[in-house]
Protein chains: 2
Amino acid sequence: MGMGRPREFDADTALDQAMEVFWRHGYEGATIAQLTEAMGINPPSLYACFGNKEGLLKAALDRYTKLRGVWMDEVVAASTAREVAERMLMGIADKQTDPANPPGCLLVQGGIACGTGSENVPFELASRRAQNEDQLRDRFIRAKAEGDLKRTSDPAALARYVSAVAVGMGVMASSGADREALRQVASVAVQAVEAQSERG
Amino acid sequence: MGMGRPREFDADTALDQAMEVFWRHGYEGATIAQLTEAMGINPPSLYACFGNKEGLLKAALDRYTKLRGVWMDEVVAASTAREVAERMLMGIADKQTDPANPPGCLLVQGGIACGTGSENVPFELASRRAQNEDQLRDRFIRAKAEGDLKRTSDPAALARYVSAVAVGMGVMASSGADREALRQVASVAVQAVEAQSERG
DNA sequence: CCACATCTGTAGTGAACACTACATATCTGG
DNA sequence: CCAGATATGTAGTGTTCACTACAGATGTGG
């Protein structure tokens with residue numbers, strides 16, 4: 001029993017291209033024709049490899065969050081809650097306006113509202129965003145235990161807040177906000193975390 | 001020359017229904033069939049009255065921003081920048097989780113990314129959000145002139161920040177965040193404005 | 001009551017969509 | 001070199017989409 005004809009394209013490279021299409025047009029706005037052209041393959045190859053359009057999105061999201069996870073690890077490695085927030089939001093200001101990628105964040109651009117048959121796409125994105133939020137929350141819990149954050153502060157609320165600002169910045173970026181505008185937002189946003197810090 | 005058969009439906013009532021469909025499913029996710037059913041009319045009536053799908057969206061946005069404008073006037077009527085931010089964000093926490101409406105904000109849910117042929121829909125939404133931001137900015141400029149905000153603070157940046165938080169809260173609401181979670185975000189967010197206030 | 005103008009419901013239109021049948025090509029194991 | 005297995009390219013499939021032709025209904029002005 002042979003192992004069959006080998007795949008002629010690299011799945012990760014193809015996923016990078018698919019990611020960009022979803023990022024720019026959203027899940028519903030991206031067509032199979034656009035995706036296959038960007039990936040340099042034909043529809044049967046796409047379906048054989050990823051199942052269907054939603055399967056392709058999930059694979060692209062896996063790849064996106066994996067790359068993003070590496071960066072988040074660096075973010076939460078900062079020594080104070082304030083610096084965590086600053087690294088995160090300033091980094092996002094830069095990443096979301098990096099001309100190498102579409103503006104904004106795939107986890108937002110992918111699809112906030114979807115039509116019949118794609119109702120779970122927004123939830124899929126939301127659950128990925130929640131992972132980031134959980135990572136932030138855990139870091140802020142530690143900051144509170146260390147006395148970095150005030151004893152009255154709520155780490156979960158702070159994490160939700162930073163996450164919300166990040167999402168808002170993503171939407172602004174996708175509608176044309178430039179890097180400087182996003183940095184200003186980040187700069188103001190950090191002050192709320194600073195107000196929760198013991199040495200604010 | 002007669003004036004023709006009169007319209008049998010009320011345009012504003014029909015727009016309220018269309019607004020809800022766009023709000024829940026987004027521009028691309030909403031189908032003409034869903035829209036006409038919700039509006040209680042047939043496609044020819046829709047096209048005769050609103051031109052096309054995008055014309056219907058714009059009419060719905062006009063109605064949405066008109067209603068929202070009344071509320072924004074109350075928000076900026078607050079006596080300090082801090083209270084403006086608090087009224088705005090706390091109000092948004094409540095409105096975006098009001099069971100009478102779909103969760104989130106139409107100006108975000110409507111469509112952040114769109115496919116070929118609808119590229120200007122996201123810009124249309126962004127320009128409406130910018131109107132809110134401008135109103136906030138003008139209010140913060142006044143606050144600075146009055147000595148309410150510090151002389152070092154940037155009213156435009158503050159307005160962008162509050163606007164970004166509002167958008168982020170909208171996305172969170174649409175993906176299931178409850179009222180209490182949004183209020184916590186608002187509560188933290190206000191502290192950044194407080195930090196820019198002279199009597200913080 | 002008639003000419004004219006506008007609305008309404010039925011029943012479609014062509015185009016674009018996600019997805020696939022099928023023949024062919026390219027591999028492995030024996 | 002052959003049999004089995006998987007990938008590929010061509011060329012579709014049925015469905016759903018936004019949108020509309022058309023005939024009949026309902027109004028106004030003369």
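Any value given below was found using the heavy atoms of this structure, including those in side chains, with hydrogens, waters and symmetry copies removed. Numbered from 1 within each chain, the chains take letters A, B, ... in sequence-line order.
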### Task
On DNA chain D, check which nucleotide each of Thr31(B) and Gly40(A) is closest to and give me the residue with the more 5' one.
Gly40(A)

### Query
With a 4.0 Å cut-off, would you call Glu194(A) and Arg82(A) a salt bridge?
yes

### Task
Give a yes or no answer on whether the side chain of Thr31(A) reaches the backbone of Gln34(A) with a donor-acceptor pair at less than 3.5 Å.
yes

### Presence of Ser45(A) side-chain N/O under 4.0 Å of dT8(D) phosphate oxygens OP1/OP2
yes

### Task
Kindly say if Tyr47(A) contacts the phosphate of dT20(C), meaning a side-chain N or O under 4.0 Å from OP1 or OP2.
no

### Task
Round to the nearest Å and state the distance from Gln34(A) atom CD to dC17(C) atom P.
7 Å

### Task
Taking only the side-chain heavy atoms of Arg7(B) (C-beta and beyond), determine which of dG9(D), dC7(C), dA18(D) contains the nearest atom.
dC7(C)

### Query
What integer distance in Å separates Met3(A):CE from dG30(C):C1'?
15 Å

### Query
Can you tell me how far C1' of dC17(D) sits from NZ of Lys53(B), to the nearest Å?
8 Å

### Message
Does Arg5(B) contact dC7(C) through a side-chain donor or acceptor facing the base, at a distance under 3.5 Å?
### Response
yes

### Message
Please enumerate all residues that pass salt bridge (charged side-chain N to carboxylate O under 4.0 Å, His left out) together with Glu133(B), with sequence neighbours excluded.
### Response
none

### Task
Round to the nearest Å and state the distance from Leu35(B) atom CG to dA18(D) atom P.
8 Å

### Message
Could you tell me how far apart Glu37(A) (CD) and dC17(C) (P) are, to the nearest whole angstrom?
### Response
12 Å

### Message
Using a 6.0 Å distance limit plus a 45 degree cone around the ring axis, check whether Arg24(A) lies over the aromatic ring of Phe22(A).
### Response
no

### Message
If you assign Thr116(B) and Phe9(B) each to the DNA chain C nucleotide with the nearest heavy atom, which residue ends up on the more 5' nucleotide?
### Response
Phe9(B)

## Note on the structure
Looking only at dT8(C), dC19(D), dT8(D), the nucleotide nearest the Glu8(A) side chain is dT8(D)

#### Entry: Upstream residue (5' side of DNA chain D) when Ile41(A) and Ala33(B) are each assigned their closest nucleotide
Ile41(A)

### Task
Check the distance between dC17(C)'s C1' and Glu54(A)'s CD and give it to me in whole angstrom.
16 Å

### Message
Using 30° and 60° as the class boundaries, would you call the ring planes of Trp23(A) and Tyr64(A) parallel, tilted or perpendicular?
### Response
perpendicular

### Side chain of Pro44(A) (C-beta onward), nearest among dG29(C), dT10(D), dG27(D)
dT10(D)

### Task
Would you mind reading off the distance between Tyr27(B) atom OH and dA18(D) atom C1', rounded to a whole angstrom?
9 Å

### Query
Considering only dC27(C), dC19(C), dA18(D), which nucleotide approaches the side chain of Pro6(A) most closely?
dC27(C)

### Gap between atoms CZ and C1', on Phe50(B) and dA18(D) respectively (whole Å)
16 Å

